Peer 1: 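To start, I am sharing the structure in question, which I have written as structure tokens.
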There are 2 protein chains.
Amino acid sequence: MDYKIKSRIWIEADGEILLGEGRVSLLKAIDETGSLSKAAKSIGMSYKKAWSLIDAVNKRAEKPVTSSSIGGKGGGGAELTEYGKSLVETFETINENCWKFLDHQIKQSKLK
Amino acid sequence: MDYKIKSRIWIEADGEILLGEGRVSLLKAIDETGSLSKAAKSIGMSYKKAWSLIDAVNKRAEKPVTSSSIGGKGGGGAELTEYGKSLVETFETINENCWKFLDHQIKQSKLK
DNA sequence: AATCGCTATATTTGACAACACATAACGAAG
DNA sequence: CTTCGTTATGTGTTGTCAAATATAGCGATT
């Protein structure tokens with residue numbers, strides 16, 4: 001039997017979720033597409049849900065993670081702030097380290 | 001702002017969840033109470049849900065994690081097998097190690 | 001053979017989250 | 001001043017998952 005160990009990490013601020021895997025992948029999609037609606041579509045999420053998530057993140061984080069413009073050329077758009085980019089990078093690094101750590105842990109246990 | 005990092009780990013067998021935090025706390029309650037129904041009540045879980053979880057664990061694990069008796073003195077009961085006890089112990093150890101690891105990780109990051 | 005407390009399982013009900021849909025606002029550009 | 005694509009919100013509906021409810025079966029004890 002092959003047991004596998006999996007994990008999910010998230011960052012909380014004021015006891016509420018700030019960043020999890022879903023929000024991070026959304027932020028990455030915004031960085032790639034330059035638009036919230038395109039980002040949502042690219043990861044199969046409704047625009048409304050994506051907007052709600054980003055709104056929550058921006059309100060809870062120390063500084064906004066995205067900046068957006070309404071109207072104008074192309075109708076508007078959204079992009080990550082420098083702070084947002086650093087948050088995403090930090091999250092992903094810690095997440096990968098966690099996977100490696102757990103992999104090591106289960107190999108050391110009796111479960112194999 | 002104090003960011004906190006949290007995690008949830010689980011063990012999979014055949015691509016399906018074998019053990020997570022909820023199941024482990026249920027197993028511990030069974031160990032303490034000697035009965036599935038009392039264990040469920042003690043952690044505020046319905047009997048049906050508790051039974052379903054234990055049933056799934058027993059079917060997917062290499063060996064059963066509980067042994068139960070129906071009828072007889074006291075109406076029956078349930079207790080952890082030796083294998084079940086070792087699984088719980090392993091899970092909790094790895095989980096605690098994971099928390100410590102993540103705590104260390106976030107202190108090393110820029111987020112503090 | 002009747003009782004008791006538990007395991008074992010099906011079915012029905014209800015709450016809550018996800019989702020689709022609708023609409024307003026905005027500002028550059030033609 | 002109309003069009004366009006986007007952000008920004010509200011609302012009603014649907015689908016899913018958990019909780020409640022119901023019931024059968026078991027075996028030691030009396």
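All values below were derived from every heavy atom in this structure, side-chain atoms included, with hydrogens, water molecules and symmetry-related copies excluded. Letters go in sequence order (proteins before strands), and every chain restarts at 1. Remember, it's a predicted structure, so these values are computed and weren't measured experimentally.
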Peer 1: Tell me which nucleotide among D:dA28, C:dA28, C:dT9 gets nearest to the side chain of A:K73.
Peer 2: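 Selected nucleotide (nearest to the side chain): C:dA28.
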
Peer 1: For B:S46, which contact category applies under a 4.0 Å heavy-atom criterion: base, sugar-phosphate, or nothing?
Peer 2: nothing

Peer 1: Using a cut-off of strictly less than 4.0 Å, decide whether A:S69 has a side-chain nitrogen or oxygen near OP1 or OP2 of C:dG27.
Peer 2: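 No, outside the criterion.
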
Peer 1: Does the A:S68 side chain pair with the main chain of A:G77, one donor and one acceptor, at a distance under 3.5 Å?
Peer 2: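 No; judged by distance alone, with no hydrogens or angles, the pair does not exist.
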
Peer 1: Identify whether any heavy atom of B:S52 sits under 4.0 Å from a base atom; if not, whether one sits that close to sugar-phosphate; answer base, sugar-phosphate or nothing.
Peer 2: nothing

Peer 1: Tell me: CH2 of A:W51 to P of C:dA24, nearest whole Å?
Peer 2: 17 Å

Peer 1: Is it the case that the side chains of B:T33 and B:S35 hold a donor-acceptor pair, with the cut-off being a distance below 3.5 Å and no angle test?
Peer 2: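 Not at all, the side chains of B:S35 and B:T33 share no donor-acceptor pair under 3.5 Å.
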
Peer 1: Pick the nucleotide of DNA chain D nearest each of B:K49 and A:K38; which residue has the one closer to the 5' end?
Peer 2: A:K38

Peer 1: Would you check if the side chain of A:T66 reaches a backbone N or O of A:A78 as a donor-acceptor pair within less than 3.5 Å?
Peer 2: no

Peer 1: Rounded to the Å, how far apart are B:I43 CD1 and D:dA18 C1'?
Peer 2: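 Nearest whole value for this atom pair: 15 Å.
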
Peer 1: Just compare D:dT9, D:dT6, C:dT9 and give me whichever is closest to any side-chain atom of A:S35.
Peer 2: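 When the side chain of A:S35 is considered, D:dT6 is the closest of D:dT9, D:dT6, C:dT9.
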
Peer 1: Whole angstroms only, please: what is the CG-P distance between B:L36 and C:dG5?
Peer 2: 17 Å

Peer 1: Can you measure B:L53 atom CG to C:dA8 atom C1' for me and round it to whole angstrom units?
Peer 2: 15 Å

Peer 1: Whole angstroms only, please: what is the NZ-C1' distance between B:K41 and C:dG5?
Peer 2: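 Interatomic distance, NZ of B:K41 to C1' of C:dG5: 11 Å.
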
Peer 1: B:D55 CG to C:dC6 P: how many Å, rounded?
Peer 2: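 Answer to the nearest Å: 20 Å.
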
Peer 1: Check this one for me: any side-chain N or O of B:S37 less than 4.0 Å away from OP1 or OP2 of C:dG5?
Peer 2: no

Peer 1: Using a heavy-atom cut-off of 4.0 Å across all strands, would you classify B:K48 as base, sugar-phosphate, or nothing?
Peer 2: base

Peer 1: Minimum heavy-atom separation for B:R60 and B:I17, please, with both atom names.
Peer 2: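 Looking at all heavy atoms of both residues, the closest pair is NH1-O, 2.6 Å.
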
Peer 1: Got a sec: does the CD of A:E89 have more than 12 other heavy atoms crowding it under 6.0 Å?
Peer 2: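 12 or below, so no.
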
Peer 1: Whole-Å distance between C:dT11 P and B:Y47 OH?
Peer 2: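 Taking atom P of C:dT11 as the reference, OH of B:Y47 is at 18 Å.
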
Peer 1: Between C:dT3 atom P and B:I70 atom CD1, what is the distance in whole Å?
Peer 2: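 Checked: the CD1 to P distance equals 21 Å.
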
